[in-house]
*Asks:* 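Sharing a structure, written as structure tokens. Questions coming.
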Amino acid sequence: MATAHQTAGPYWHMIDFPAWADLLRADGPNAGAEGERIVIEGTITDGDGALVTDAMVEIWHADPAGRYDAEFQGFGRCATNAEGRFRFITLKPGPVPGRGNTLQAPHVQIAIFARGLLSHVTTRLYFAAEKLNETDPLLALVPAERRATLIAEPAAPGTWQLDIRLRGGAETVFLDI
């Protein structure tokens with residue numbers, strides 16, 4: 001029997017705990033982790049430009065050394081608020097080894113679960129002014145005129161802003177994974 005792909009899995013309840021958006025919280029698995037502390041924030045809008053106020057945003061990323069291991073849990077989840085905003089506190093990831101001896105630019109994987117989506121959408125957040133953005137294998141596949149939809153800009157010292165549009169002319173580039 002086929003079932004809808006609308007569930008966010010057994011951890012949906014985590015959006016009821018805003019602390020999970022702070023990957024560096026004192027009682028969390030990354031307490032005491034070292035690296036460049038950053039804030040990732042943005043707004044989600046739909047194809048009409050309306051704020052998406054009931055989405056769930058999930059992030060995954062490597063540690064500051066570019067590793068995915070048990071030492072650093074690069075996973076967070078939060079709900080958008082009444083202004084369609086999401087916000088995470090974490091450490092800036094490092095470059096990640098890619099296929100064929102390539103090096104991926106530091107990035108954060110973002111999944112969005114929202115009303116009206118039959119399946120969640122996935123994208124990446126890259127950091128503006130990263131030298132590795134020029135050679136990142138995934139960014140190289142994105143037409144130059146659309147890459148800006150994946151690149152966060154500094155909003156304040158240590159704060160990176162990436163607004164996500166689910167549809168329309170300025171639609172964010174989403175990944176088919």
Side-chain angles (χ1 to χ4, degrees), residues 20-25 28-45 49 52 55-78 80 83-113 120-177:
W20 277 87
D22 181 355
L23 281 66
L24 306 177
R25 64 190 178 283
N30 299 321
E34 295 185 13
E36 181 182 347
R37 183 183 175 96
I38 62 170
V39 173
I40 295 171
E41 61 185 20
T43 301
I44 299 177
T45 54
V52 179
M56 180 183 76
V57 182
E58 190 175 274
I59 64 169
W60 299 83
H61 66 85
D63 69 12
R67 297 177 307 228
Y68 290 96
D69 62 24
E71 296 295 318
F72 181 80
Q73 180 184 321
F75 171 77
R77 185 179 267 187
C78 74
T80 53
E83 289 82 41
R85 298 192 61 75
F86 61 91
R87 184 176 192 269
F88 292 95
I89 299 170
T90 189
L91 297 178
K92 188 174 180 185
V96 177
R99 291 181 181 168
N101 282 338
T102 59
L103 198 55
Q104 300 177 65
H107 64 273
V108 174
Q109 195 83 14
I110 300 175
I112 300 165
F113 301 77
H120 67 278
V121 292
T122 302
T123 189
R124 279 187 176 182
L125 174 153
Y126 289 90
F127 300 91
E130 278 289 337
K131 286 184 176 183
L132 287 171
N133 287 350
E134 301 298 322
T135 58
D136 183 86
L138 189 137
L139 271 178
L141 297 173
V142 177
E145 68 274 11
R146 304 226 32 233
R147 287 183 193 146
T149 68
L150 301 176
I151 299 176
E153 297 291 335
T159 299
W160 296 88
Q161 171 93 23
L162 181 69
D163 294 327
I164 296 172
R165 185 155 185 164
L166 297 177
R167 295 182 62 193
E171 179 180 320
T172 297
V173 171
F174 295 106
L175 309 175
D176 185 14
I177 54 174

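This one's a predicted model, so the numbers in the text were calculated from it and none came from an experiment. Position 1 is the first residue of the sequence; numbering continues from there.
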*Asks:* Please determine which of Ile110, Ile59, Ile151, Thr172 meets the side chain to side chain contact (heavy atoms under 4.5 Å, CB included) test together with Leu125.
*Replies:*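 Answer to the side chain to side chain contact (heavy atoms under 4.5 Å, CB included) test with Leu125 among Ile110, Ile59, Ile151, Thr172: Ile110.
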*Asks:* Just how far is it from atom CG of Leu24 to atom CD of Glu34, taken to the nearest 0.5 Å?
*Replies:*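 Going from CG on Leu24 over to CD on Glu34, the span is 11.5 Å.
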*Asks:* State whether Trp60 and Arg77 meet the cation-pi test: NZ (Lys) or CZ (Arg) under 6.0 Å from the six-membered ring centroid, and within 45° of the perpendicular axis.
*Replies:*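 Here Arg77 fails the 6.0 Å and 45° test against Trp60.
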*Asks:* When rounded to the nearest 0.5 angstrom, what distance separates OG1 in Thr90 from CD in Glu36?
*Replies:*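 Interatomic distance, Thr90 OG1 to Glu36 CD, rounded to 0.5 Å: 11.0 Å.
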*Asks:* Can any side-chain N or O of Arg124 pair as donor or acceptor with the backbone N or O of Leu150 at less than 3.5 Å?
*Replies:*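 Pair absent, no side-chain N/O of Arg124 close to backbone of Leu150.
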*Asks:* Just wondering, do Arg67 and Phe72 contact through their side chains at under 4.5 Å, heavy atoms?
*Replies:*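 A side-chain contact under 4.5 Å is absent here.
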*Asks:* What distance separates Leu138 CG from Asn133 CG, expressed to the nearest 0.5 Å?
*Replies:*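 That separation rounds to 11.0 Å.
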*Asks:* Begin from the C-alpha positions of Arg37 and Ile89 and carry the test side-chain contact (heavy atoms from CB on, under 4.5 Å) through to its verdict.
*Replies:* CA-CA 7 Å; Arg37 183 183 175 96; Ile89 299 170; 3.5 Å; yes
*Asks:* Give the C-alpha distance, both sets of side-chain angles, the deciding distance and a yes or no for side-chain contact (heavy atoms from CB on, under 4.5 Å) between Thr149 and Thr123.
*Replies:* CA-CA 9 Å; Thr149 68; Thr123 189; over 6 Å; no
*Asks:* Quick check for you: to the nearest 0.5 Å, what is the distance between Ile38 atom CD1 and Thr159 atom OG1?
*Replies:*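 So the gap between those two atoms works out to 9.0 Å.
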*Asks:* With the side chain counted from C-beta on, respond yes when Gln109 and Leu175 share a heavy-atom pair under 4.5 Å apart, and no when they do not.
*Replies:*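 In contact.
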*Asks:* Can we say Arg165 and Glu171 salt-bridge, meaning some charged N sits less than 4.0 Å from an Asp/Glu carboxylate O?
*Replies:*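 Here Arg165 does not pair with Glu171 in a salt bridge, since their nearest N and O are not under 4.0 Å apart.
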*Asks:* Heavy atoms, side chains only, cut-off 4.5 Å: are Phe86 and Met56 in contact?
*Replies:*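 No. Closest side-chain heavy atoms not under 4.5 Å.
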*Asks:* Can you tell me if Asp163 uses its side chain to pair, donor with acceptor, with the backbone of Thr43 under 3.5 Å?
*Replies:*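 Confirmed, Asp163 side chain pairs with Thr43 backbone.
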*Asks:* Would the number of heavy atoms belonging to other residues, nucleotides or ligands and lying under 6.0 Å from CZ of Arg167 be above 12?
*Replies:*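 Atom CZ in Arg167 is not crowded, with 12 or fewer foreign heavy atoms closer than 6.0 Å.
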*Asks:* Determine whether the aromatic ring centres of His120 and Phe174 lie less than 6.0 Å apart.
*Replies:*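 His120 vs Phe174: aromatic centres not under 6.0 Å.
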*Asks:* Identify the heavy atoms of Thr102 and Arg99 that sit nearest to each other, and give their distance.
*Replies:*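 Smallest heavy-atom distance, with atoms named: OG1-O, 2.7 Å.
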*Asks:* Could you tell me the separation between the CZ atom of Arg147 and the CG atom of Asp136, rounded to the nearest 0.5 Å?
*Replies:*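 Separation between the atoms: 9.5 Å.
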*Asks:* For side-chain contact (heavy atoms from CB on, under 4.5 Å), just list the numbers for Val121 and Ile164, CA-CA rounded to whole Å, side-chain angles, deciding distance to a tenth of an Å, and then say yes or no.
*Replies:* CA-CA 11 Å; Val121 292; Ile164 296 172; over 6 Å; no
*Asks:* For a 4.5 angstrom cut-off between non-hydrogen side-chain atoms, does Glu130 reach Leu139?
*Replies:*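 No - every pair of side-chain heavy atoms lies 4.5 Å or more apart.
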*Asks:* Using only atom types and a distance under 3.5 Å, with no angle test, would you say the side chain of Thr80 pairs donor to acceptor with the backbone of Val52?
*Replies:*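 The answer is yes, because a donor-acceptor pair under 3.5 Å joins these two groups.
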*Asks:* Do Asp63 and Leu91 pass the side-chain contact (heavy atoms from CB on, under 4.5 Å) test, and can you show the C-alpha distance, the side-chain angles, and the key distance before you say yes or no?
*Replies:* CA-CA 7 Å; Asp63 69 12; Leu91 297 178; over 6 Å; no
*Asks:* Got a second to check how far Ile40's CD1 is from Gln161's CD, nearest 0.5 Å?
*Replies:*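 Result: 11.5 Å between the selected atoms.
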*Asks:* Fit a plane to each ring of Trp160 and Phe127, take the angle between them on a 0 to 90° scale, and name the class: parallel (under 30°), tilted (30 to 60°) or perpendicular (over 60°).
*Replies:*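 Trp160 vs Phe127 ring planes: perpendicular.
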*Asks:* Can you give me the closest heavy-atom contact between Gln104 and Leu132, atom names plus distance?
*Replies:*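 Here Gln104 and Leu132 meet closest at O-CD1, 4.2 Å.
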